[in-house]
Amino acid sequence: MKPVIGYTLGDQSGIGPEVISAALASGELPEDAEYRLIGKRVELPPGRPNAESAKHAFDHLEQAAHALREGTVDAVVTAPVCKETLHEAGFRWPGQTEFFAERLETDNYAMCLTGKRLTVGLATIHTSLQSVPSLLETEELVRIGTLLKDFCIRKGIMRPRIALAALNPHAGEHGAFGDEDGSIIAPAVERLRAIHPDAAFDGPSVPDCVYRDAVEGNYDAVLAPYHDQGLIPLKLVDFHTAVNVTLGLPRPRLSPDHGTAFNLAGTGKANPSSTIHAFQLAVQMARRR
């Protein structure tokens with residue numbers, strides 16, 4: 001049976017319809033899969049997000065979640081949305097990651113970004129930098145590290161090498177710059193090593209070196225303690241190929257790792273590479289369920 005990959009067009013005032021269409025016409029998607037539009041195409045002025053574009057985007061996300069829950073699709077690729085107008089339309093979640101987790105009734109989820117050279121899991125997502133130390137917990141790192149290991153295996157990496165990045169500069173310098181790395185992250189590494197002999201876990205790894213090490217092939221993934229620590233290096237080296245994956249869902253949900261780019265909407269200049277990779281990975285993950 002061909003895997004069925006559903007897709008949404010996101011906020012259709014942005015570049016979502018363009019990059020989706022370009023991806024589908026690229027000739028780079030696996031031919032042994034079916035690609036199915038969720039929702040409908042509507043004609044909206046490019047570059048001008050509004051209540052109507054947000055309503056359609058919200059409705060289509062609900063339809064996508066329903067399709068995943070009911071199993072009428074094997075995976076979903078969602079085009080970018082505008083959070084500001086989406087929230088004005090009644091969307092109460094910080095982002096699509098949290099929305100799909102709730103709609104698919106899972107508490108065991110995480111955000112992961114993966115590109116050609118770097119894969120990053122996030123221990124905390126959409127929260128203030130000030131709150132990060134209080135949100136880091138050993139068991140949460142073990143939980144997300146496990147999801148990240150499972151994702152690597154699903155990608156075909158049989159014994160993944162995963163680094164847990166430190167929170168503080170120089171991994172805390174033995175407590176001189178904070179004790180979170182020794183008291184929270186180090187125990188998580190030891191626990192992950194004990195329960196997952198099918199993977200290799202390192203850390204706490206010095207954050208200003210570990211991402212370079214991963215790009216050079218020494219690690220298959222890095223678990224970052226907070227959003228920007230992980231996404232800055234990822235977008236630096238993999239901006240056009242990175243894919244956002246919600247780990248832990250019963251069926252995969254993925255999206256290109258860029259926004260609506262309203263300034264590019266309608267110009268024909270939007271790059272579909274990230275969307276192409278999202279479809280390719282969706283098919284790969286659907287096959288390995």
Side-chain angles (χ1 to χ4, degrees), residues 57-58 61 65 78 80-115 118-148 151 162-169 171-172 177-189 191-192 203-208 210-211 221-236 238-239 242-249 253-260:
F58 196 173
L61 288 177
T78 61
V81 296
C82 174
K83 290 180 182 176
E84 181 179 355
T85 55
L86 203 57
H87 288 154
E88 291 172 357
F91 188 85
R92 58 179 175 81
W93 298 266
Q96 295 186 71
T97 298
E98 296 87 351
F99 166 80
F100 278 99
E102 182 174 312
R103 286 293 188 258
L104 273 68
E105 300 180 345
T106 179
D107 294 324
N108 187 21
Y109 69 95
M111 180 187 286
C112 174
L113 289 301
T114 183
L118 188 59
T119 294
V120 176
L122 300 179
T124 60
I125 308 177
H126 300 116
T127 189
S128 70
L129 185 57
Q130 183 180 31
S131 67
V132 168
S134 65
L135 293 174
L136 288 179
E137 298 178 357
T138 295
E139 286 307 310
E140 269 294 278
L141 292 170
V142 171
R143 181 185 70 81
I144 297 170
T146 298
L147 289 173
L148 191 55
F151 171 67
I162 299 172
L164 274 68
L167 173 67
N168 297 299
F177 305 145
D179 63 1
E180 294 89 356
D181 300 303
S183 64
I184 298 172
I185 298 178
V189 173
R191 177 72 176 142
L192 285 163
S205 299
V206 175
D208 63 3
V210 68
Y211 297 98
V222 179
L223 177 51
Y226 60 93
H227 186 278
D228 281 16
Q229 190 206 90
L231 295 201
I232 289 171
L234 179 114
K235 291 191 176 187
L236 179 65
D238 274 332
F239 184 78
V243 177
N244 184 331
V245 186
T246 304
L247 305 182
L249 299 180
R253 172 261 162 179
L254 311 91
S255 70
D257 183 35
H258 58 68
T260 48

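Minimum interatomic distance between Ala163 and Val210 (heavy atoms only, all atoms of both residues): CB-CG2, 3.5 Å. Closest approach of Val81 and Ala57 over heavy atoms only: CG1-CB, 4.2 Å. The minimum heavy-atom distance between Pro204 and Ala166, with the atom names listed, is CB-CB, 3.9 Å. Taking all atoms of both residues into account, the shortest heavy-atom contact from Ala188 to Leu164 is CB-CD2, 4.1 Å. Scanning all heavy atoms of the two residues, the minimum distance from Ala224 to Tyr211 falls at CB-OH, 3.2 Å. Across all their heavy atoms, Cys112 and Thr119 have their closest contact at SG-CG2, 3.7 Å.
When side chains are defined from C-beta on, Thr114 counts as touching Phe151, because their heavy atoms get closer than 4.5 Å. The side-chain heavy atoms of Trp93 and His126, taken from C-beta on, include no pair separated by under 4.5 Å. Counting only heavy atoms from C-beta outward, the side chains of Met111 and Asn244 approach each other to under 4.5 Å. Ile162 is not listed as a side-chain neighbour of Val222, based on a closest heavy-atom distance of 4.5 Å or more. Looking only at side-chain heavy atoms (C-beta outward), Pro256 and Pro80 come within less than 4.5 Å of each other. Looking at heavy atoms from C-beta onward, Val243 lies out of side-chain contact with Leu113 at the 4.5 angstrom threshold. A heavy-atom distance below 4.5 Å is not found between the side chains of Leu122 and Ile144. A heavy-atom distance below 4.5 Å is not found between the side chains of Gln229 and Val120.
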- Item | Audit row: Thr124, Thr127, side chain to side chain donor-acceptor pair (under 3.5 Å) steps and yes/no | CA-CA 7 Å; Thr124 60; Thr127 189; over 6 Å; no
- Item | Criterion side chain to side chain contact (heavy atoms under 4.5 Å, CB included) on Leu61 and Phe100, from CA distance to verdict | CA-CA 8 Å; Leu61 288 177; Phe100 278 99; 3.9 Å; yes
As a quick check of understanding, evaluate salt bridge (Lys or Arg N to Asp or Glu O under 4.0 Å) for Lys83 and Glu88, giving each step before the final call.
CA-CA 8 Å; Lys83 290 180 182 176; Glu88 291 172 357; over 6 Å; no
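Rounding to the nearest 0.5 Å places CZ of Arg143 at 9.5 Å from CG of Leu247. Within the model, atoms CD of Glu102 and CG of Asp107 stand 9.5 Å from one another, a figure rounded to the nearest 0.5 Å. Distance check, rounded to the nearest 0.5 Å: CG of Asp228 to CG of Leu129 gives 8.0 Å. Here Leu135 contributes atom CG and Gln130 contributes atom CD; the two are 11.0 Å apart, rounded to the nearest 0.5 Å. Remark: Asp257 CG to Leu234 CG distance equals 6.0 Å, nearest 0.5 Å.
Residues Tyr109 and Glu98 have side chains that never bring a donor and an acceptor to within less than 3.5 angstrom of each other. Residues Ser134 and Ser131 have side chains that never bring a donor and an acceptor to within less than 3.5 angstrom of each other. At a cut-off of 3.5 Å, with distance as the only test, a side-chain donor of Asp181 or Asn168 sits close to an acceptor on the other residue. A side-chain donor from one of Gln96 and Thr78 sits under 3.5 Å from a side-chain acceptor of the other.
The aromatic rings of Phe58 and Phe91 sit perpendicular, their planes meeting at an angle over 60°, well past the 30° parallel limit.
With hydrogens and angles ignored, the 3.5 Å screen pairs no side-chain donor or acceptor of His87 with any backbone N or O of Cys82. For Asp238 (side chain) and Leu118 (main-chain N/O), a donor-acceptor pair under 3.5 Å exists by modelled atom type. Remark: side-chain polar atoms of Glu140 are not paired, donor with acceptor, to backbone N or O of Glu137 under 3.5 angstrom.
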